[in-house]
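Residue numbers start from 1 in every chain, and the chains themselves are labelled A, B, ... in the order their sequence lines are given, proteins ahead of strands.
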Number of protein chains: 2
Amino acid sequence: MGMKANGKISTAVIRRLPKYRRILQELMVKGVERISSNELSALTGFTASQIRQDLNNFGGFGQQGYGYNVEGLHGQIGNILGLDREYRMAIVGCGNLGQAIANYATYYKTGFVVTSMFDVNPKLIGISINGIEVQDYSEMQSCLEKNPVDIGIICTTKGSAQDVADKLCNGNVKGIWNFAPTDINVCEGMVLENVHLSDSLNTLAYFISHNDPRNEA
Amino acid sequence: MGMKANGKISTAVIRRLPKYRRILQELMVKGVERISSNELSALTGFTASQIRQDLNNFGGFGQQGYGYNVEGLHGQIGNILGLDREYRMAIVGCGNLGQAIANYATYYKTGFVVTSMFDVNPKLIGISINGIEVQDYSEMQSCLEKNPVDIGIICTTKGSAQDVADKLCNGNVKGIWNFAPTDINVCEGMVLENVHLSDSLNTLAYFISHNDPRNEA
DNA sequence: TCATATTTTTTATTGTAATTACAAATTTAT
DNA sequence: ATAAATTTGTAATTACAATAAAAAATATGA
């Protein structure tokens with residue numbers, strides 16, 4: 001029981017974990033106590049055997065003849081994902097997208113706290129978003145020294161993204177969540193997660209134009 | 001030369017195409033005329049051989065001893081992705097996220113046109129976003145009959161997402177771009193592209209908490 | 001309590017994607 | 001015009017991920 005994870009786990013596996021957890025959370029809300037890999041297969045769209053193998057990378061969370069305890073497995077996956085702690089986040093670029101993410105994190109993602117927001121636009125500097133005052137981007141580095149964050153979120157234009165990334169790298173940030181429609185270079189050891197909406201939309205266009213509804217992104 | 005694509009191409013390949021095209025576009029802007037798979041490898045992070053194999057799924061776009069013509073390849077990938085036509089899009093849910101996407105599509109994505117926007121919030125209905133008036137969600141179905149769209153974009157809360165998806169399915173939409181943090185069921189033949197920000201953030205947390213900077217999402 | 005149904009765990013197999021290696025074509029330099 | 005260097009296209013190999021099968025453990029019901 002519990003957390004072996006010796007060898008490196010493939011990213012394919014890791015990217016399925018949040019979905020498992022999301023579905024387990026819904027089951028918890030519904031009061032479901034136990035679930036089999038077969039039932040989880042129907043809910044997730046992955047094969048039962050893949051689900052079992054994925055989970056077994058980390059430990060034997062199930063019980064033969066019984067299945068998985070919903071609440072227990074939900075907790076275990078949370079631990080694996082590192083959700084048993086709090087992440088402080090800074091949003092850079094406070095346009096609609098930055099604000100959307102601030103709202104989202106504030107209201108729906110416990111464990112992820114937006115602690116500071118930055119922009120260059122004088123019209124935005126000073127205003128308060130969910131109780132966080134937007135600060136001048138030129139002060140970001142000193143602000144991050146006083147109030148360090150774990151995650152920097154880039155919601156700027158393409159042109160500013162690399163500059164922001166550089167400053168975040170100097171600011172002792174551990175991970176960057178990049179929404180700017182460009183690739184950025186980050187320092188050694190930095191965790192980078194890109195959300196390339198443009199690529200996603202182009203992929204959607206491919207499937208539409210080829211009449212190929214290969215569902216599930 | 002040009003567009004074989006007989007057998008089904010794996011989604012892994014398709015999801016790399018937008019990045020190739022994005023980088024080729026930047027090269028075009030810089031005035032670069034030709035490029036080798038090796039140089040593309042350095043720019044994309046994929047191996048040169050993988051790039052050659054990816055492109056060869058669709059045809060021999062390169063020339064031995066010379067490489068690829070930047071503008072030509074950019075155009076070919078555009079054609080493969082189905083970007084040689086226009087896509088009409090409707091945004092459902094006009095909060096910050098919906099507005100962010102409206103702005104983004106309007107200013108940066110030629111070929112993708114936002115033609116209508118819908119919301120249930122009386123404070124938003126009637127206002128104009130980039131010249132598009134936000135309409136009452138209850139009128140969406142009749143609006144889509146008069147002015148059909150190719151793509152429906154779901155920017156609502158989790159709770160409303162399935163209802164929106166159902167109505168889009170009845171509205172002759174070809175593809176759904178889903179930003180709601182939940183899985184939705186769509187009708188047969190519908191193309192679905194999910195952008196699960198929650199899953200993306202949880203994945204980022206995994207790599208941070210495991211000190212595993214396996215760069216590139 | 002025992003036999004049977006479940007259902008996970010673990011191992012083996014298959015299938016798919018990525019890499020390597022090399023032959024064929026082209027360009028560049030002499 | 002010829003040789004050397006470049007670079008793609010593709011076949012062969014390797015590595016990896018997904019599936020299936022076998023084995024072990026537990027639960028259920030008579």
Checklist entry - Paired with D/dA1: which nucleotide, if any, by Watson-Crick or G-U wobble criteria at under 3.5 Å for both distances? => result C/dT30

Checklist entry - To the side chain of B/Arg34, which of C/dC22, D/dA17, C/dT28 is closest? => result C/dT28

Checklist entry - Checking all strands, does A/Thr47 fall into the base, sugar-phosphate, or nothing category for heavy-atom contacts under 4.0 angstrom? => result sugar-phosphate

Checklist entry - When you check the glycosidic angle of C/dA5, does it come out syn, meaning within 90° of 0, or anti? => result syn

Checklist entry - Within this structure, what is the CD1-to-P distance between A/Ile51 and D/dA18, rounded to whole angstrom? => result 12 Å

Item to check | Atom-pair distance (CG on A/Leu55; P on D/dA18), nearest Å | outcome: 13 Å

Item to check | Distance in angstrom units between B/Leu40 CG and D/dG9 P, rounded | outcome: 12 Å

Next on the checklist: Whole angstroms only, please: what is the CG-C1' distance between A/Asn56 and C/dT8?
Outcome noted: 7 Å

Checklist entry - Quick one: is D/dG9 close enough that its OP1 or OP2 comes under 4.0 Å of any side-chain N or O from B/Tyr68? => result yes

Next on the checklist: Counting only Watson-Crick pairs (N1-N3 plus N6-O4 or O6-N4) and G-U wobbles (N1-O2, O6-N3), all under 3.5 Å, who is the partner of C/dA5?
Outcome noted: none

Item to check | N/O donor-acceptor pair, side chain A/Gln53 with base C/dT9, under 3.5 angstrom | outcome: no

Item to check | Salt bridge A/Asp54-A/Arg16, side-chain N to carboxylate O under 4.0 Å | outcome: yes

Checklist entry - Which nucleotide sits closest to the side chain of B/Arg52: D/dT10, C/dT8, C/dT27? => result D/dT10

Item to check | Between C1' of D/dG29 and OH of A/Tyr66, the distance in whole Å | outcome: 18 Å

Checklist entry - Which whole-number value in Å describes the distance from B/Arg15 CZ to C/dA17 C1'? => result 16 Å

Checklist entry - Does the side chain of A/Thr47 pick up a donor-acceptor pair with the side chain of A/Gln50 at under 3.5 Å? => result no

Checklist entry - Salt-bridged, A/Glu39 to A/Arg34, with N to O below 4.0 Å? => result no

Item to check | Basic-acidic side-chain contact under 4.0 Å: A/Asp199, B/Arg21 | outcome: no

Checklist entry - Can you find a donor-acceptor N/O pair under 3.5 angstrom joining the side chain of A/Gln64 to the base of D/dA24? => result yes

Item to check | Side chains of B/Asn103 and A/Asn96, donor plus acceptor under 3.5 Å | outcome: yes

